[in-house]
Amino acid sequence: MEDQKKDTVKMTGSAAVMESFVREGVDLIFGYPGGAIMPVYDALYSYREKINHILVRHEQGAVHAAQGYARASGRVGVCLVTSGPAATNAVTGIADAMIDSTPVVVICGQVGSTLLGSDAFQEVDVVGVTQPVTKWNYQITRAEEIPWAIARAFYIARTGRPGPVLLDITKDAQFGSLDYIYKPETFVRSYTPYPSVDPGLVEEAAMLINLSSRPMALVGQGVVLAGAEKELIEFLDKTGIPAAQTLLGLSAIPSKHPLNVGGLGMHGNYGPNVMVNQSDLVIAIGMRFDDRVTADPKRYATSARVIHMEIDPAEINKIIHADVPLLGDVKESLPMLTGKVSKNDHSKWLEEFRACDRVEYKRLVEREIYPDKPEITMAEVVRRVSEAYDDDAIMVTDVGQHQMISWRYFKFKQSRSVITSGGLGTMGFGLPAAIGAKLAMPGRPVCLFVGDGGFQMTIQELGTIYQSAVPVKIVLLNNNFLGMVRQWQELFFDHRYAHTSLINPDFQTIAKGYHVPAVKVTRREELDKAVKKMVSTDGPFLLEVAVEKEGNVFPMVPAGASVDEIILE
């Protein structure tokens, strides 16, 4: 007891928040101050040598920036907001982080505990509001709860299948005092973040792999979250199995790896979508069989046995039946499986994917990146930018046509190079997420691709870029449309373009107002020079490109179809 007292320091609840952040290794916070969180911000002033704070322009931007930071670095992103509308503004980002398994800790201020439930000024039941979209949330009403709650928040956010955690701290808890002791969390009762891998199921999976003649790996973000990229490559190289990726799993395998056969799903590559129904074995590695991957699940992988390697038991048999449900962290289960499988070569099977690649290139890719029309295509812009960075930048996207084009035509050499909103599909995600990614990885170029619609949803974060001097490169693909919705209106609603045409502002003038250098390209012969200028410019840069107004994203699996009914044009 005496030793414990020696480790005790008297401090306020707000100081305890900051000290706990330091103990968790936090050195960067995204936030926006307000009345109910003011004591914590006052404490932050004393910690400004240890913790950098980035002042965003909207609380949604704070969470998206924290997501970008987490996705690029693998660390927990942290944001700080006040009560009421600030907390509700953060909900979109929290929901996005939940569905995309992004580790974020959100600290909200709250009215004093005596006012809870009284409809006090800027009071919202944020714990109730966010319960469905957080991995854990908790309301702190006493200062002495703060170290325990923050330790638990970081442990839950980062372990197992990561996700967002929210702590709602009443103002009196922030002002209150406590005897501060910090103990990092290592165990939470009834929470098992890492299920034990069943060696018997590893044996079953290995047997299926060894007997398969047409196996196919489906690689998801779980590989990246587990830091299991090396283990994945070792497994693939030994087995010779072709591997396709989900949107969020895209950079888990280098683009030029000989077994990489491209992207899965609605706007993925032709080969993986066609071949999955000709495969006799599907090995799903850290992916959840999202509906944008499977299309009609009753007609997905129809001839294949399924091995599902997954850390979250809730995902097993949720969409696609698993013949071998291999629970566990793929960082652990992949090496176990690699040790049991036979060395193999599936070059004949792989060649069937390459034949599909040639069809896709001839019928689609060639004319997209080398168009014979005057309008600039999104694809040619993305390829020029990717090549300008030697295919080794971090690609951040917003949501829409440009997102699907970017993930098809941007190339990667290393992991954690794709940051985009997957499951929630949040327009406005891109700009703040790019800020977070660049601050997390200052030594890597960060390039944002954004459409004119999504850009305007969080365009105010240009102020954050200016104030905090964040050297993000922004490629605005401007077609004066809400392009993805317009594409569906063209294909499935008889060209009835209901409220998808945009009359846009002068983005160059707006950039100038935020002191961000900008260039607008309207002709193809201007593109190379503009890209070079963007790449060579120190600091942020906006490259706006006027692209074809009614260009479509292909390939495409129509809604309700089977993935092998994918259309190329």
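What you see is a predicted model, and the numbers here were worked out from it, not measured in a lab.
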D528 with K533: basic N within carboxylate O range, under 4.0 Å: no
Out of curiosity, L250 CG to S255 OG, how far, rounded to the nearest 0.5 Å? 6.5 Å
May I ask you to decide if P39's main-chain N or O and K171's side chain share a donor-acceptor pair within less than 3.5 Å? no
Apply the test side chain to side chain donor-acceptor pair (under 3.5 Å) to residues N504 and Q456: give CA-CA distance (whole Å), side-chain angles for both, the deciding distance (0.1 Å), then the verdict. CA-CA 9 Å; N504 286 320; Q456 292 179 81; 2.8 Å; yes
Please step through ring-ring contact (aromatic ring centres under 6.0 Å, His included) for the pair F21 and Y47, ending with a clear verdict. CA-CA 10 Å; F21 282 167; Y47 279 78; 9.4 Å; no
Listed once per pair and sorted, the side chain to side chain donor-acceptor pair (under 3.5 Å) pairs that draw on residues 79-92, sequence neighbours left out: E59-N89
Straight-line distance of L264 CG to Q245 CD, nearest 0.5 Å: 7.5 Å
Side chains of Q221 and R288, donor plus acceptor under 3.5 Å: no
Checking E461 against T464: is there a side-chain donor and acceptor pair closer than 3.5 Å? yes
Rounded to the nearest 0.5 Å, what's the gap from CG on N137 to CD on Q131? Could you check? 6.0 Å
Verify the distance criterion only: is there a donor paired with an acceptor across the side chains of S14 and Y41 at less than 3.5 Å? no
Donor-acceptor pair, distance only, cut-off 3.5 Å: does the side chain of S386 make one with the backbone of V382? no
Going by atom types only, do T397 and T420 share a side-chain donor-acceptor pair under 3.5 Å? yes
Between D100 and Q67, do the side chains contain an N or O donor and an N or O acceptor separated by less than 3.5 Å? no
Is the CG atom of D506 crowded by more than 12 outside heavy atoms at less than 6.0 Å? yes
For a 4.5 angstrom cut-off between non-hydrogen side-chain atoms, does K413 reach D390? yes
Under 3.5 Å, is there a donor on one side chain and an acceptor on the other for D392 and Q414? yes
Output yes when a side-chain donor or acceptor of K135 lies under 3.5 Å from a complementary backbone atom of I156, and no otherwise. yes
E368/R408 salt bridge by N-O under 4.0 Å criterion: no
For H53 and F30, I'd like to know if the aromatic rings sit close, meaning centre-to-centre distance below 6.0 Å. no
Which atom of P162 lies closest to which atom of L225, heavy atoms considered: CD-CD1, 3.9 Å
In short, K50 meets V22 closest at the heavy-atom pair CD-CG2, 4.1 Å
I'd like to know whether Q174 forms a side chain to side chain contact (heavy atoms under 4.5 Å, CB included) with V17, so could you lay out the CA-CA distance, the side-chain angles of the two residues, the decisive distance to 0.1 Å, and finally the verdict. CA-CA 8 Å; Q174 298 171 48; V17 173; 5.9 Å; no
Heavy-atom pair with the smallest gap, counting every atom of G84 and V124: CA-CG2, 3.7 Å
Is any side-chain N of the basic residue among R142 and D172 closer than 4.0 Å to the acidic one's carboxylate O? no
Might you point out which heavy atoms bring G454 and D398 nearest each other, and give the distance in Å? CA-OD2, 3.4 Å
Going by atom types only, do E229 and S415 share a side-chain donor-acceptor pair under 3.5 Å? yes
Any side-chain heavy-atom pair from M534 and V475 closer than 4.5 angstrom? yes
Could you check whether R75 pairs with D27 (Lys NZ or Arg NE/NH1/NH2 to Asp/Glu carboxylate O, under 4.0 Å)? yes
Keeping the roles fixed (side chain from T458, backbone from G428), state whether a donor-acceptor pair exists under 3.5 Å. yes
Tell me whether the count of non-hydrogen atoms from other residues, nucleotides or ligands lying under 6.0 Å of OH in Y32 goes above 12. no
Quick one: is the NZ or CZ of R383 closer than 6.0 Å to the six-membered ring centre of Y409, and within 45° of its axis? no
Side-chain donor/acceptor of T12 to backbone N/O of A15, under 3.5 Å: yes
Can you find a heavy atom in the side chain of R524 that is under 4.5 Å from one in the side chain of E380? yes
Is R48 positioned over the aromatic face of Y45, cation under 6.0 angstrom from the ring centre and no more than 45 degrees off axis? yes
Salt bridge check: are E526 and R523 linked by an N-O gap of less than 4.0 Å? yes
Using only heavy-atom distances, determine whether the side chains of Q487 and Q401 contain a donor-acceptor pair under 3.5 Å. yes
Between Y138 and W148, is the ring centroid distance below 6.0 Å? yes
4.5 Å side-chain heavy-atom contact, R486 and K549: no
Nearest heavy-atom contact between L482 and H499 is CD1-O, 4.1 Å
Sequence neighbours left out, what passes side chain to side chain donor-acceptor pair (under 3.5 Å) with S101? Give chain and number order. R161
Rounded to the nearest 0.5 Å, what's the gap from CD on E145 to CD1 on I140? Could you check? 6.5 Å
Please test H515 against Y466 for ring-ring contact (aromatic ring centres under 6.0 Å, His included), starting from the C-alpha separation and ending with a verdict. CA-CA 7 Å; H515 303 274; Y466 174 48; 4.5 Å; yes
Does the side chain of Q139 pick up a donor-acceptor pair with the side chain of T170 at under 3.5 Å? no
Is any side-chain heavy atom of L28 closer than 4.5 Å to one of Y69? yes
Does a side-chain heavy-atom distance below 4.5 Å link V26 with F154? yes
Short side-chain to backbone donor-acceptor contact, Q467 and G463, under 3.5 Å: no
Describe, in one word, how the ring planes of Y497 and H495 are oriented to each other, choosing from parallel (under 30°), tilted (30 to 60°) and perpendicular (over 60°). tilted
Looking at CD1 of I459 and CG of L431, how far apart are the two atoms once the value is rounded to the nearest 0.5 Å? 8.0 Å
Can you find a pair of side-chain heavy atoms, one from L476 and one from L542, that are under 4.5 Å apart? yes
Measure from the side-chain N and O atoms of D96 to the backbone N and O of L424, and report whether any donor-acceptor pair falls under 3.5 Å. no
Which pair of heavy atoms, one from G61 and one from P432, lies closest together, and at what distance? O-CB, 3.4 Å
Output field: ring centroids F429/H64 closer than 6.0 Å: yes
In Å and rounded to the nearest 0.5 Å, what is the OG to CD1 distance from S20 to I146? 7.5 Å
For the pair H267 and F554, evaluate side chain to side chain contact (heavy atoms under 4.5 Å, CB included) and give the outcome as yes or no after the intermediate values. CA-CA 6 Å; H267 292 292; F554 289 109; over 6 Å; no
May I ask you to check whether N552 and E490 show a side-chain donor-acceptor distance below 3.5 Å? yes
So do I107 and C79 actually touch side chain to side chain, heavy atoms under 4.5 Å? no
Going by an N to O cut-off under 4.0 Å, is there a salt bridge joining D290 and R292? no
